[in-house]
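Below: the structure, in structure tokens.
These numbers were taken from a predicted model, which means no experiment stands behind them.
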Amino acid sequence: MSFCRITPPLKTVTSQHNQVPTLKTIKNGPRNTNPANVVELRRQQSNSYCRQYFSESLCCRFKMCWFLHVPVDGDEKFCIETVIRFTKNPICLQRAGAVFTGYYQNNPPGVYFSKPVLLSLLWALLKAGMVSDIFSVLSISLAHKIVPGHEFLLALFNYVREKSLIGLLPELMQLTLKLASAGLVLNLDCLDCVKHTPEFQQTNSHVSGSGSGTHKLSTSAPFPEYLNWAHSIVEIELCAKQEDWRRMGEVFRSICQSSQRPNQVERISGRITIALLSESKDKLSLPFAAFAETVCQNEEEEGLNRSFLGRIGVSLMLRYHKTHQWAKGRRVVEVLSNCKVNYSNLKGLFGNEDATSRCFLVTVATELYLLSGSVEGALNTLRENKWFVSSSAWPCEPADLESRTRVLMRLAEKSSHRDSLDVLSNLPGLKESNNLVDISMYAPLFNSHLQVCLDRQTLPVASDTVDFMCSKNLAVDQTMLQKLLHKLGKQNLWLRAREVFRHSLSVGYYPGVSAPPGFMSLNVPCRLGEVELALSFEMFITVNTTDLLHLPENTTSCLSITLKRTQSCESEYLAASSRLLSAACIPHPKLDVLYTAVNSSQEQVFTLDIASARAWLRQNHLWAHEVWTH
């Protein structure tokens, strides 16, 4: 059987136009996409299409045909059926490509589109050596983001190489770039084939060194850089499959050193993070450790590698924290610290991790240490980050403050007394003002800590606790304050006792104690203990130093002490008078205090001997003036 002349080959699509020339027909038919007209359209199709063109045994002899050579809009089923028929017949292969490109050039793939049909067409065209037609079909499929597998692209490259079709290489490279951009995942074999094809290297060299030539690549298309980039991506995936984390680190470091595009490094960092999170054969190992060690081999090296290494680490930290893998998360923080990566100033790589505050990152790192059993690591993390909570550059949310508070309270319970005070002192809102926090709610925490310190005789820490509470206007339990002063006095820790009493007095904890300078009189409430009374005597003498030193030796003036009633029980009041007399024996040298009378308010009045007061003052005036008058 003889066949008539087949229509000329499809024109090759160039990288500059990205457009397939439409087939020359006089009549393309009306555009009829209204569903209501589909039945009427199909009824008319038999009279619209060129029967000879769509026949496998005939062909259209007319240069100017009055009938359609391209399926009309909405007749995708007929298009696909025709492509299938023509693909099976080598004589009709070119028409199969023309029908496909003609229809999908103007129509998106619909319910009848079949990727297997497309692949069958491409393989058939390749087997027939119709490369230009392959380019036309691929260009149309690319317009709809439909790509073949890397096997076909590899076979196409091999064919071009075997047939020495150097003239097609520029267009093939442009097409490869577009395929990869549209989602085609290139494997190592395909990339090696591209990079090591001698013809491609000659073409690339020719393009780099010459401004002319019929096959010159576009100067805006960075093929060598793209191929290196794509090759690195595939190699990283291979490293992930082989669990070769050190090799992955080397590839990543190479990418960071050569790339000038942070957005590309960010995308590949995301791939690496996912790979590092995958379940390793060695469940006890941490893939990130070997990876980071390789990336940071050169400690002096800065730039993208450390920055994105930190972002990878942040994403791992957050994921391990979310999944309660405390030990792994802690090791990630340790690796980042060893690599001197300041992770708290970085953002993660996924989802809403970009909105993670610095406060929350520090809290997460702290909790990873704490819940994996390292209290010291948790404390060091907070101190290294200067207990950071919030700033204008790194604001935090109420939820971040709640998380920090919760972690600090748990850490305080597990720390030593001194460290616990350090932890509590850095609760949100104490070191820096924050309108979101009511610091008065911390008072019970500090009082509980004070109670523990008193019970365990860690009096220096207890003293510092009271001082801090006073400085922040946190209510100190009066009973514990009195107990602390009593213990300090009994253990001869008078320097501490004076500091605590003076500070407490200045912020209003002893409103009943009054010793105005120059009045030579002291009022003390009867609830005071012996140590508090003794300290009151010291203050009383010191504030009246000037008057005492200028009085003549035979003066009849006296220092008066009034024991104010604050308790209704008479026996308790009488016990207070006994404590007052005992308190006079505590200072060195001791003071002479005598009961003298009861005033109109039925309150006992005592006198402090001026001679004994002068003796005490002469011996202690150097430090007393510094303590009680400043």
Side-chain angles (χ1 to χ4, degrees), residues 366-367 369-370 373-383 386-387 389 404-432 437-511 513 525 527-536 538-539 579 583 586 627:
T366 302
E367 193 167 26
Y369 273 106
L370 180 61
S374 177
V375 174
E376 192 64 29
L379 288 168
N380 289 338
T381 297
L382 291 166
R383 287 166 178 158
K386 303 186 186 319
W387 304 84
V389 173
R404 175 61 64 84
T405 301
R406 172 176 50 81
V407 171
L408 290 183
M409 289 171 59
R410 186 182 300 177
L411 180 59
E413 294 175 356
K414 297 179 178 295
S415 304
S416 66
H417 302 122
R418 174 59 64 187
D419 288 337
S420 291
L421 176 58
D422 197 14
V423 171
L424 294 175
S425 300
N426 283 281
L427 284 165
L430 289 177
K431 288 293 180 68
E432 73 296 321
V437 180
D438 177 13
I439 64 172
S440 62
M441 66 179 181
Y442 297 142
L445 292 174
F446 279 89
N447 279 310
S448 296
H449 180 64
L450 177 59
Q451 180 68 64
V452 171
C453 292
L454 290 174
D455 292 343
R456 299 184 181 178
Q457 299 297 318
T458 53
L459 301 183
V461 179
S463 302
D464 290 342
T465 301
V466 170
D467 280 337
F468 184 83
M469 294 178 71
C470 290
S471 67
K472 299 299 179 180
N473 291 321
L474 297 174
V476 181
D477 185 282
Q478 192 76 40
T479 302
M480 284 191 282
L481 176 59
Q482 189 173 49
K483 185 177 180 181
L484 170 62
L485 288 169
H486 176 76
K487 287 178 176 291
L488 290 171
K490 293 302 181 182
Q491 294 189 20
N492 288 320
L493 298 174
W494 288 104
L495 181 59
R496 287 275 187 171
R498 293 182 183 106
E499 290 174 352
V500 172
F501 184 76
R502 180 172 59 86
H503 199 173
S504 303
L505 186 66
S506 67
V507 295
Y509 279 93
Y510 292 96
V513 178
R527 61 178 175 79
L528 297 188
E530 286 185 5
V531 172
E532 293 164 309
L533 288 168
L535 295 173
S536 299
E538 290 184 1
M539 179 188 67
R579 288 199 303 275
I586 294 177
V627 170

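In this structure, His449 contributes its side chain and His417 its backbone to a donor-acceptor pair below 3.5 Å. The backbone N or O of Met469 sits nowhere less than 3.5 Å from a side-chain atom of Tyr442 that would complete a donor-acceptor pair. A donor-acceptor pair is defined here as one N or O able to donate and one able to accept, closer than 3.5 Å; no such pair exists between the side chain of Asn473 and the backbone of Ser440. At least one donor-acceptor pair closer than 3.5 Å links the side chain of Asn447 to the backbone N or O of Asp477. Not a single donor-acceptor pair under 3.5 Å links the side chain of Lys487 to the backbone N or O of Gln457. Without hydrogens or angle criteria, Thr458 side chain to Cys453 main chain gives a donor-acceptor distance under 3.5 Å.
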From CA spacing to verdict: side chain to side chain contact (heavy atoms under 4.5 Å, CB included), Val375, Leu411: CA-CA 7 Å; Val375 174; Leu411 180 59; 3.7 Å; yes
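Closest approach of Pro428 and Arg404 over heavy atoms only: CG-CG, 3.9 Å. Between Phe501 and Ser536, the closest heavy-atom pair is CZ-OG, 3.6 Å. Taking every heavy atom of both residues into account, Leu474 and Ile439 meet most closely at CD2-O, 3.2 Å. Between Gly377 and Ser374, the shortest heavy-atom contact is N-OG, 3.0 Å. Taking each heavy atom of Ser504 and Tyr510 in turn, the nearest pair found is CB-CE1, 3.9 Å. The two residues Leu533 and Ala583 make their nearest non-hydrogen contact at CB-CB, 3.6 Å.
Looking at heavy atoms from C-beta onward, Val513 lies in side-chain contact with Leu528 at the 4.5 angstrom threshold. For the pair Thr366/Leu379, no side-chain contact is recorded, criterion being any heavy-atom separation below 4.5 Å from C-beta on. Residues Leu505 and Met539 form a side-chain contact, since some pair of their non-hydrogen atoms from C-beta on lies under 4.5 Å apart. When side chains are defined from C-beta on, Tyr369 does not count as touching Leu382, because their heavy atoms never get closer than 4.5 Å. The closest side-chain heavy-atom distance from Leu445 to Leu427 is below 4.5 Å.
Between Asp464 and Arg496 a salt bridge is recorded (basic side-chain N to carboxylate O distance below 4.0 Å). Of the charged side-chain nitrogens involved, none lies within less than 4.0 Å of a carboxylate oxygen, so that Glu532 and Arg527 do not count as a salt-bridged pair. A salt bridge links Lys483 with Asp455: the distance from a Lys NZ or Arg NE/NH1/NH2 to an Asp or Glu carboxylate oxygen falls below 4.0 Å.
Aromatic ring pairs are classed by plane angle as parallel below 30°, tilted from 30° to 60° and perpendicular above 60°; the pair Phe468 and Phe446 is parallel.
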